[in-house]
Structure formats: structure tokens, C-alpha cells
**Student:** 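Provided herewith is a single structure, encoded as C-alpha cells, for subsequent inquiry.
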Amino acid sequence: MSRRVLAVIATLALAVAVVASTASGGGAAPATKQSAKKTYKFVLVAGIASDAFYLTMKKGAQAAAQKLGNVTVQFTGSPQAFSPPTQIPYLNAAIAKKPDAILIAPTDKTALIAPIQRAVSAGIPVVTVDTFITKPIAFTNVSTDNLAGGRAAADALVKAIGSSGEVAGISVNPGISTTDQRQQGFEQELKKYPNVKYLGTQYCNDDQTKATNLMSALLAGHPNLKGVFAMNVVSGNGVTAAVTAAGKSGQVKLVEFDAGPPQVQALKAGTIDALVAQYPYGIGQLGVRLAYQFVTGHKAGIKKHYGTGSDIITKQNVNLPSTKKYLYTP
Amino acid sequence: MREEFDATAAAAPRPGRSQQAALVLSRSWLFVFLILLVGFFWLSTPSGTFLTRSNLTQIGLSTSEVVLLAIGETFVIVTAGIDLSIGGILFLAGVCGGEVMLHVSGTSTQVVAGQYPHAALGITLGVIVCILTGAVCGLGNGIAITKLRLPPFIVTLGTLGITFGLGEVIDGGSYLPAPVPTSLSQGFGAGKFLGLFYPIWVALAFLLAAHIVFTYARFGRYTRAVGSNAEGTRRAGIAVDRHIIKVYTLAGLLAGVAAVVDLAIYTNTTAISHRGDNLNAISAVVLGGTSLFGGVGSILMSAVGAFVPTVLQNGLVIKNVQPFWQEVVVGATIILAVYLDQLRRRRTESG
Amino acid sequence: MTTMSTTGAPLLEARGIQKHFGHVVALASANFELAPNEVHAIVGDNGAGKSTLIKIVSGVYHADGGELLLDGKPITISNPREARQLGIETVYQDLALADHLDAAANLFLGREEYLPGLLGRLGFLDRKTMRRRAEEEMRRLKIGIKSVDQAVVNLSGGQRQAVAVARAIAWGRRIVIMDEPTAALGVRESSMVLELIKEVRSHGLSIIMISHNLPEVFAVADRITVLRLGRTIRTLRTSETTLEAVVGMMTGAVGVAA
């Protein structure tokens, strides 16, 4: 008998825990004191919720919301993996909430079309941030100009290796718009350098261990490899680990996309030679502002795409105040 | 005296209705828990958010794959084995079937441009390849376990790596060159029959068939016998090794079916999407009350176990809970589930 | 020398059986002869080879040498299924029950009843019939368990033994082998099993019983075969010997008979 009571208590305790955890909620506290004014609820669905890039984006989004006064931004997304099967359930839940707008970084440019279409058909306007989908159903897209970023990476890498030698790229998956464009820009720009031999780009599936293995194999197979462009944080972490393990830090030049705290540290330590920093904080801010503009009826004049800048950060300029805004602060 | 050889006791009626009901309830407490969870989210969220047909059907759609995997995993775990490789089998089956679908449906320029002139043939062949690949991988597991006499944990850990690796070799390390034909993704993956998506019907059909076989057919009884006492079952003249091979082949085949569903819903497949599949399936089975030591289990409860994390995830997002808390809550629920199941077991096994 | 039963030809004979596991010799030369309708005990100290001998008769092991005869004709028993087909059923020391299945399922394990028609050919079980027949069998053998539906792990030691014995008796057409049938049981439950053994003999079968418990052997067995270090020492009628004498043969105080 007493055990049954224990079981009931345990179940209730779990229920209480679930309720209690809701108190820690994920959204920014609305600053509004005017209860007469409508509060707009937005949901930001990250590509992966445990990445410094998206966490910085969240900060920018919530700062913009606070400034507007009557907007709340809930941040959600899968903490485990950057992939459609892990992201779509979060998007579905966001749609069920019936928010006033959804900002989302789609994890695949075709797989997310149908789910985003559902949001739009349910009357929820969608802003795609960072990545995009190939069907223009989102009312706008805010992202880094990844083509320009790729080109800038090529320039920075060639400069670092001394204008001649073998270079390669490590990316995530074809099908992710952002990294695809970085690769495109990189390859385009490399054509300008006749003495640089491009060995191609390999894909690590956003798996750091795989990136390390790919890089180690590259180093072993190409002893004259002089430079690598890692097109996102995860590939960058893997590449750095492989280069360090092979004892080639400093010999093989690395340019990496994104400027999260570990990347900045590595830059200062000399393991990475240049970072292409995006401006996720700015993307989050602009995304929220555009969404607010849309839902308050000022749709006219919103463009289909807004590019935010990127910056090449090197050891020389990392401490300058003008660079600081580009560093990611999760 | 010979009181225990009492003839009248031997003729005693089977346990009374209320006793039977209590037994059923204690075994299906997770189902009650799920209902309570649904009720909790219904009451604690604004109306028209959680408990809407569209939200619930979406939850059903994204859970249909795990249900298929959990069915196969239940049979395996009831034999006192385990299959860590089903996520890899699903991925490899999806890659093989997907590649066949694309190659047969049109030339590479055509499919990349979204045209699939021979989609019907391509999809049919692709589905067959998915299911066959899954079955063959499962067969491999079963043979290695019985003939090489290796523990299932180790064999399937090896197969996990092999299947993911092979899948990436075939795909060149990335994924399928184009999305699968639209008649599969839109017609089947997003298509509805009587209000439910086709993949949900597929999962329900296999669930029902598996439950019937597990409970009423020799295959289910032998599965439980092998898990309960493999040597004793062997001495009863039953071909235990052959049965174990069948069980692992079944799990692989179901992973192949899940691969078809996966391609239909997500139009493509990557390794990273499936790294967590094996633990999702095993969690569902454990939540459902199946013992990791074998001999006891329930297919239906494993399906309920598959829904608990997805319902939790959905409800907590609607309630504005940070994504990281969800992992905590799901993990705590698993521990609670196993604990309650142990309590129940100790009470009924008081001899 | 063995003593023949008064009714004539032996039912089962084992001549010169040898069995080794690697370098370990379990049976060097075992002889054994079972008469129809008798309870025949095999006794011996640890390592004498008793379990090995009966596992050869029940098809779990293959003998390395010697021969087996049933009704005077030589036979080979390659697996448990063949033993059962010859009418030999075994209750192993560990009972070999599937704990999580109920008594009815255990009784019919490997010999399930199927539903008629197409469903049966697809493998669907006739659980009702099996349950009913299990209850009948329990009644016939005067075994009382409250329900044949409970998982056998929930039954007491004696009840589990009863289920294992009932299984062997229900299917055994000629010979039932029991390996240490009362080893794990208390006094009252042991006496119930011994009653059951007598009950089985009264149904016309023969029983081979391995036991460490000599008082029990003397209580039910008609004849006793003593094994020591893989060899048969003697076979005697229970009524013509004493417990002390048997102990002496088991331990070697008495020499091998001519």
C-alpha cells in the first residue's frame, strides 16, 4: 500500500517539476507597462540551440524586443543536432503556439519548405534568419552575405599562406544555404590566384569528430597542404584539433567562419589565423525589427533579403573597439 | 498434509475481474501517465494551442519513425538482447533506397531540377531496396550474434559504425544529390487519409500487427521464452538460434520501413539526423516497461513510451520552457518510469 | 552384475557409455539398465557422472563411446527433440522453465497447440485449449496451483517443481528422467514430489531419478545404480540393500563388483 502511495507521490513530483521548470521560461520579460497596448509574441527557432552563433542571435533579438517594449521573443530549438528531424518538432510546437511571427534558421533548404509553408498558411509570418529555403514563402530573409564572406575568407587565407600553395575546405553538408554560399564565394575568389592549388571541399555533417578525422586524413595525404578554410564553428573546432594533434599549428594556416569565444581564444593563441565573423547579434535585432514592422501593418517596403555584414578578424585587429561588436557573446 | 495438492484449488477460477484490471493498469501506468501529461498540457496552455488536431497529428507524424524502431527494438530486448545499430541501419537503408529512387526516377540533371519522369518505378524500387537493406543488416546482426557467439551489445555497436560508415561512403560523405520524388514526399509523407498522415497509418498498422503476433502467435511466445530462459527453451526442442536471427532481422526490416517514412517526411537524409535514433528507440522500450533482462515486454507500451518524450517536448515549448530543461525532464521521466516499473515488479513477484 | 527385473527385457539400456569434455573424463564406462514401470535411482558422489549420463539419454549431450538401446534395439539420440519423440521426457535440475511465461505456456513449450485453419498455420496459438488442458493435467496429477495463468516465477519452489514434473509426465510416454527433483525443496514439498513420482509409476511409466538424498531414494526407488568416478559400480534392488552399503559403494569403501 505504502509503495503505491510512493508511486503516486513520485508521479506528482514529476508533474510539479514540470510546472516549476516553466517558471524559468525562455523568453525575455516584456518591459511594457502599458497593459492597453498589445504584446507581440515572437518565437525564434534556432538551427541548433547550443551554438554560440544562435545564442548571440537570441541576445540581439531579445535586445530589440526590449527596446520596442511590447514584444517578447521565445528562443527554442534542438540542443542536440543541426538537422531537420530534430528541428521540425520545435517548429511544429512554435506553430501550435500561434505566435505573431516566427523567426527560424532552417536546417535544410528543401526539407523545411513544407513545415514553414504550414506556418505561413496558418497565418503566421515567417522570417528566415541565417539560412534560407529555396521557396520564397518567408516574407524576408536576414543573413550574412555568405558569398562575400567566402570571398573574404579566400583572400585572408591566401594572404596568410603567402600567395601560393595547396588549400582545402571543410564544410557541413551541401544543402545548407549558408555554408554552400561560403564555399561558392571561396571557390570563386580562389580562381584569382594562379599559384594557389585548391584541393576541394569535404563535408563533416556538423560532426566535430568527423571534421577532425577528415582533416587528419588531409594532412596525411597532402604533406604540402598550407591552408584550410573551415566553414562553420563545428568544422573549425575539428580542424583545429587535428592540426594541433599533428603538431602543425602555425604551419598550416586556418581561416574559420564565426567568432565564438573558443575561436577568438584560438585566434589570440595563434592556432587560427583569421576569423570571418558574422554579425548574429545584428541578424537577431534586424529580424525582430522587421517582424514587428510586418505585424504592425507596415509591410510595404520590406525587402526580400537583408544582408548583414561580416568582418575579417585577425590577431592584429581583434582588440579594436570596432571589431568587438562582431564577437559572439552567448 | 497434502493441502497444496488440493484438487479443488486446482479447479479454482482464474483471477477475478478487479484483480485482472489492477494487473492491466499496473502494467500500463505509462499510458495513464501520457494521458495525464496530455491533460496537463491541455489545461496549462492557452486554448487552441496544444490540443488541436493539427498539433497532435504533427506530433504523431514526427513520432511515427521512433514507433517503428521501438517495435523492432522491443522484440530484440525481450530476447534479452539489444540492438544499438538501428539508427545506422535506418540511415544506410535510406541512403541505398534513396539513391535507387533518384537514379531510376530520372537522369541526374532531371532530378536535380526537380523532375522525376519515372517516379512510380523509382519509388517502388527504392522502397523495396530500403526494406531489403534493413532486413539484410538485421540478418547480419543475428548471424554474428548466434554464430560468432558474441554479445549483442558488442555486435550491434560494431554494426552501428559499419552502417553509418557505409552510408556515408555511398553518399560521398554528404547526402542524396536531390530530394526524393515529390509523389513520395508530398503524396505520402505529407498526404492524409481520414485525417491522419500516411506515415502514421503505416506505424499504426505495424504496431497492431506486431502486438497481435507478440501476444497471440508462436513467434511472440518464443521471443519471450528465449529471453526468459534461452537454455531451457533450447532443451524444449526449440531452435533458439534461428529465432534470434529472425528477431534481429525483423528489427532491421522495421528500420528499413522507418527509412522509407524518413525519406518521405524529410525528403533527404543525413547521418547526423540519425545518431540519436538508437537511444530514442531504447528509451521508448524501457519507458514502456520492457525489462532489459528479457522475458517480459509490451509492444503497445513501447509505442506509448515513444510518445512521452515527443509530447513532453512539444508541450514544454508551447509553455515557453527553455529547450535544455526538456532534456532534464525527459531524462528524469525515464528514471521515474524504470523506478515505478521496478516497484510494480517487486509487488507482483512477492511469490 | 546387474540384476534384471522380473518382467523380462529392459526398457532402456546404456552399455559402456563414455563422455569427456576436453581433458576431463566425465564417464569412463557407464552401464545402466531401466526396466519397464520402475523407479530407478542413479546415485553417486559429486563428479560421479550422473548428470552427464542422463543428459546423454535426454539428447543434450552426445556420447563419445558406448551404445544405447531402447526395447533392445540400438538407437542414437542427437538432440532433445529426438529424445522426446522416443517418449523420453526430462526434468532438469534447474527446471528449464521459462520464468516469465505461465504454467500452461511452459507445459506446452515447443509443443504448442495452434488454432484451427489458416490462423493456426500462420502460427496463432490456441491459448484457451492449452490453458484448459494444463488445468486438466494439473488436476490429474493432483497438483494445486491457483492459476495456470501466473508467470511461474511467482510460484513457490515446490509449485515450480510441480510444473516441471507435470510437463515431463504429461508428455512422457515411456520414460521420465528427473535430476535432483527435491534438491531445492523443503521437507513438505519434497514429500509431495515423491508422491508424484509414485503417482507417475502408477500410470505405467518408468522413472530415472538422480538424487543425493538417500533416504528419499530408499523411500521411492525400486532399484539403485551406483556410479563412482564415471563408472557403474553396482545396480541393486532397494529392498536387498541398506543405506550404509550404498554410501560405501559411492565413496569407494566397497570395491567394483564383478
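As a basis for the values below, the full set of heavy atoms in this structure was taken, side chains included, without hydrogen atoms, waters or symmetry mates. Reminder, nothing fancy here: chain letters follow the sequence lines and each chain counts from 1. Bear in mind the structure is a predicted one, so any value in this text is a computation, not a measurement.
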**Student:** Could you tell me whether a side-chain N or O of A:Gln62 sits under 3.5 Å from a main-chain N or O of A:Val73, the two making a donor and an acceptor?
**Tutor:**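 Such a contact is found between A:Gln62 side chain and A:Val73 backbone.
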
**Student:** Any side-chain heavy atom of B:Leu316 within less than 4.5 Å of one from B:Trp325?
**Tutor:**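 Result no, sub-4.5 Å side-chain heavy-atom pair not found.
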
**Student:** Is B:Glu327 close to chain A through its backbone or its side chain, or both, or neither, when contacts mean heavy atoms under 4.5 Å?
**Tutor:**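 For B:Glu327, side-chain heavy atoms alone lie under 4.5 Å from chain A.
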
**Student:** Is A:Ala49 close to chain B through its backbone or its side chain, or both, or neither, when contacts mean heavy atoms under 4.5 Å?
**Tutor:**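 Contact with chain B is through both the backbone and side chain of A:Ala49.
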
**Student:** Side chain, backbone, both or neither: which part of B:Pro46 has an atom under 4.5 Å from a heavy atom of chain A?
**Tutor:**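 It is neither, since no heavy atom gets under 4.5 Å.
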
**Student:** Less than 4.5 Å apart, side chain to side chain, heavy atoms only: is that true for B:Leu61 and B:Ile265?
**Tutor:**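 Yes, side chains in contact.
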
**Student:** Report which part of B:Thr49 has an atom under 4.5 Å of a heavy atom belonging to chain A: side chain, backbone, both, or neither.
**Tutor:**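 Both backbone and side chain.
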
**Student:** For the pair A:Asp206 (side chain) and A:Val172 (backbone), establish whether a donor and an acceptor sit closer than 3.5 Å, ignoring hydrogens and angles.
**Tutor:**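 A pair under 3.5 Å: no.
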
**Student:** Among B:Ile318, B:Asn314, B:Asn55, B:Val328, which residue forms the greatest number of heavy-atom pairs with chain A at distances under 4.5 Å?
**Tutor:**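 Counting heavy-atom pairs under 4.5 Å, the top option is B:Ile318.
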
**Student:** Suppose a student defines contact as a heavy atom less than 4.5 Å from any heavy atom of chain B. Which residues in residues 80-92 of chain A would they list?
**Tutor:**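 A:Gln80, A:Ala81, A:Phe82, A:Ser83, A:Pro84, A:Pro85, A:Ile88, A:Pro89, A:Tyr90, A:Asn92 fall under the 4.5 Å cut-off.
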
**Student:** For the residue pair A:Ser235 / A:Asn232, report whether a side-chain donor-acceptor contact shorter than 3.5 Å exists.
**Tutor:**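 Side chains of A:Asn232 and A:Ser235: pair found under 3.5 Å.
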
**Student:** Could you tell me whether the side chains of A:Gln183 and A:Glu187 share a donor-acceptor contact shorter than 3.5 Å?
**Tutor:**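 Judged by distance alone, the side chains do pair up.
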
**Student:** Compute whether any side-chain donor of one residue and acceptor of the other, for B:Thr63 and B:Thr310, lie under 3.5 angstrom apart.
**Tutor:**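 B:Thr310 and B:Thr63 do have a side-chain donor-acceptor pair below 3.5 Å.
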
**Student:** Can you tell which of B:Ser185, B:Gly48, B:Gly276, B:Ala190 has the highest number of heavy-atom pairs within less than 4.5 Å of chain A?
**Tutor:**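 Looking at each option in turn, the highest pair count goes to B:Gly48.
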
**Student:** Side chain, backbone, both or neither: which part of B:Ser62 has an atom under 4.5 Å from a heavy atom of chain A?
**Tutor:**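 Side chain only.
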
**Student:** Using side-chain heavy atoms (C-beta onward) and a distance below 4.5 Å, is A:Leu44 in contact with A:Gln74?
**Tutor:**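 Result no, sub-4.5 Å side-chain heavy-atom pair not found.
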
**Student:** Can you label the angle between the B:His274 ring and the B:Phe91 ring as parallel, tilted or perpendicular, going by 30° and 60°?
**Tutor:**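 If you compare the ring of B:His274 with that of B:Phe91, the planes turn out tilted.
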
**Student:** Taking every heavy-atom pair that is under 4.5 Å apart, which of A:Ala111, A:Ala46, A:Ala96, A:Ser50 has the most such pairs with chain B?
**Tutor:**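 Of A:Ala111, A:Ala46, A:Ala96, A:Ser50, A:Ala96 has the most heavy-atom pairs under 4.5 Å with chain B.
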
**Student:** Would you give the length of the straight line joining atom CG of B:Leu287 to atom CG of B:Leu336, rounded to the nearest 0.5 angstrom?
**Tutor:**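 Going from CG on B:Leu287 over to CG on B:Leu336, the span is 9.5 Å.
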
